[in-house]
Novice: 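Starting off with a structure, shown below.
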Protein chains: 2
Amino acid sequence: MHQLPQISEAEYEVMKVVWEYAPIGTNEVVEKLSHTHDWSPKTVQTMLSRLAKKGVLTYEKDSRMFVYSPLVKQEDYIRQESDSFLNRFFNGNVGSMVSAFLDQEELSTNEIDELQALLKRKMKKGDS
Amino acid sequence: MHQLPQISEAEYEVMKVVWEYAPIGTNEVVEKLSHTHDWSPKTVQTMLSRLAKKGVLTYEKDSRMFVYSPLVKQEDYIRQESDSFLNRFFNGNVGSMVSAFLDQEELSTNEIDELQALLKRKMKKGDS
DNA sequence: CCTGTAAACTTACAAGTGTAATTTTAATTT
DNA sequence: AAATTAAAATTACACTTGTAAGTTTACAGG
């Protein structure tokens, strides 16, 4: 499993837009981000170039404009980061992690129910 | 909730030793890390100074040597990073996160059992 | 008391990141 | 075809991080 390129926090915000709306032009990316971030269009452009250089996305020309598409799947990237997070802080042990979240009282009764349902379904599948 | 200082990945490795063995001197930190990392003692010293400057740890002098102790609790730092991770990648939804781990087939039947036990216990507590 | 040595303090330097401004280029409008 | 203008390409710059090396200082031993 060859490592995916490193994506910085700000770059990731840009990628979220690309993942959701690709193929998407520079201006539209800027527009989408303007709702949630206070970034200059120049800044967004810089991040798009860096992402292209890193091979996270690619583009085609529509006359003079660029239209971007992802090269890396969001799911794959999230998987990589999840694994890294889990190892860094919980020695790779999902149980410790969930346990920590439970201790932090961050889960409502409903959320706990949901989790139990999830696990139950997973069990069934594993059985077969 | 005032933000804790930023701790880089390498710095975190150093902190793990400090958290586990504090109060601990520079040389002992270097020694502990030598088992798991290929870092020059100089590198470790740099990281210790940076951590002190950031206010993550403090030290006292034992004659000419420094003896370090943490100022930030590991648990607090992990909580902060966990929240940040969860928001960044799963919109703060623990269910989505666990669900993702389940989909990645990274949990053995045993681990799933463990999780279920955890949740059951948590439910009981929440009840009372 | 002088000196060697080990510790701490200061400096180094490239890569990555956040955050743009400036310059060039190519399409569009007169 | 020339001029306008909007996009892309290039340049900028400070801060953090990884990774140390060099320099100063103070204790311990002779």
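The structure presented is a predicted model; accordingly, all values stated were derived computationally and were not measured. Every chain is numbered from 1, with letters handed out A, B, ... down the list of sequences. Hydrogens, waters and symmetry mates play no part in the numbers below; they use all other heavy atoms, side chains included.
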Novice: Does the side chain of A/S82 reach to within under 4.5 Å of the side chain of B/F101, using non-hydrogen atoms?
Specialist: yes
Novice: Take the angle between the ring planes of B/H37 and B/W39 and call it parallel below 30°, perpendicular above 60°, tilted in between.
Specialist: parallel
Novice: Do B/L71 and B/L48 share a hydrophobic cluster (ILVMFWY, side-chain heavy atoms under 4.5 Å, transitive)?
Specialist: no
Novice: Look at the side chain of A/W19 and the backbone N and O of A/V72, then say whether any donor-acceptor pair between them is shorter than 3.5 Å.
Specialist: yes
Novice: Is atom CD of A/E75 surrounded by more than 12 heavy atoms (other residues, nucleotides or ligands) closer than 6.0 Å?
Specialist: no
Novice: Work out which heavy atom in A/L102 is nearest to a heavy atom in B/K122; give both atom names and the distance.
Specialist: O-NZ, 3.0 Å
Novice: Going only through I, L, V, M, F, W and Y residues with side-chain contacts under 4.5 Å, is there a path from A/V67 to A/V17?
Specialist: no
Novice: Using five pairs at either end of the helix from C/dC1-D/dG30 to C/dT30-D/dA1, determine the angle between the two local helix axes and round it to 10 degrees.
Specialist: 20°
Novice: Starting from B/M47, can I reach B/M65 by hopping between I/L/V/M/F/W/Y residues whose side chains sit under 4.5 Å apart?
Specialist: no
Novice: Does one side chain, of A/Q74 or A/Y12, offer a donor that lies under 3.5 Å from an acceptor on the other?
Specialist: yes
Novice: Is a side-chain donor or acceptor of B/S84 paired with a backbone partner of B/Q80 at a separation under 3.5 angstrom?
Specialist: no
Novice: Which ones in residues 5-38 of chain A lie close to DNA chain D, meaning a heavy atom under 4.0 Å from one of its atoms?
Specialist: A/T26, A/N27
Novice: Any donor and acceptor pair, going by atom type alone, linking the side chain of B/Y77 with main-chain N or O of B/I7 inside 3.5 Å?
Specialist: yes
Novice: Both B/S40 and A/Y59 contact DNA chain D. Which one's nearest nucleotide lies toward the 5' end?
Specialist: A/Y59
Novice: Once you apply a heavy-atom cut-off of 4.0 Å, does B/K53 come out as touching a base, just sugar-phosphate, or nothing?
Specialist: nothing
Novice: Between B/N93 (side chain) and B/G95 (backbone), is there a donor-acceptor pair under 3.5 Å?
Specialist: yes
Novice: Between A/T36 and A/K32, what is the shortest heavy-atom contact and its length?
Specialist: OG1-O, 4.1 Å
Novice: On the nucleotide C/dT19, are OP1 or OP2 found under 4.0 Å from the side-chain N or O atoms that A/W39 carries?
Specialist: yes
Novice: Just the atom pairs and distances: protein N or O near nucleotides 23-30 of chain C's N or O, under 3.5 Å.
Specialist:
none

Novice: Hey, where on DNA chain D does chain B first and last touch, going 5' to 3'? Cut-off is any atom under 4.0 Å from a heavy atom.
Specialist: D/dT17 to D/dA28
Novice: Does NZ or CZ of A/K61 lie under 6.0 Å from the centre of the six-membered ring of A/F66, at an angle within 45° of the ring axis?
Specialist: no
Novice: Which residue pairs pass the salt bridge (Lys or Arg N to Asp or Glu O under 4.0 Å) test with at least one member in residues 4-20 of chain A, sequence neighbours excluded?
Specialist: A/E11-A/K54, A/E13-A/K16
Novice: With a 4.0 Å heavy-atom cut-off, tell me which residues in residues 43-52 of chain B come close to DNA chain D, sorted by residue number.
Specialist: B/T43, B/T46, B/R50
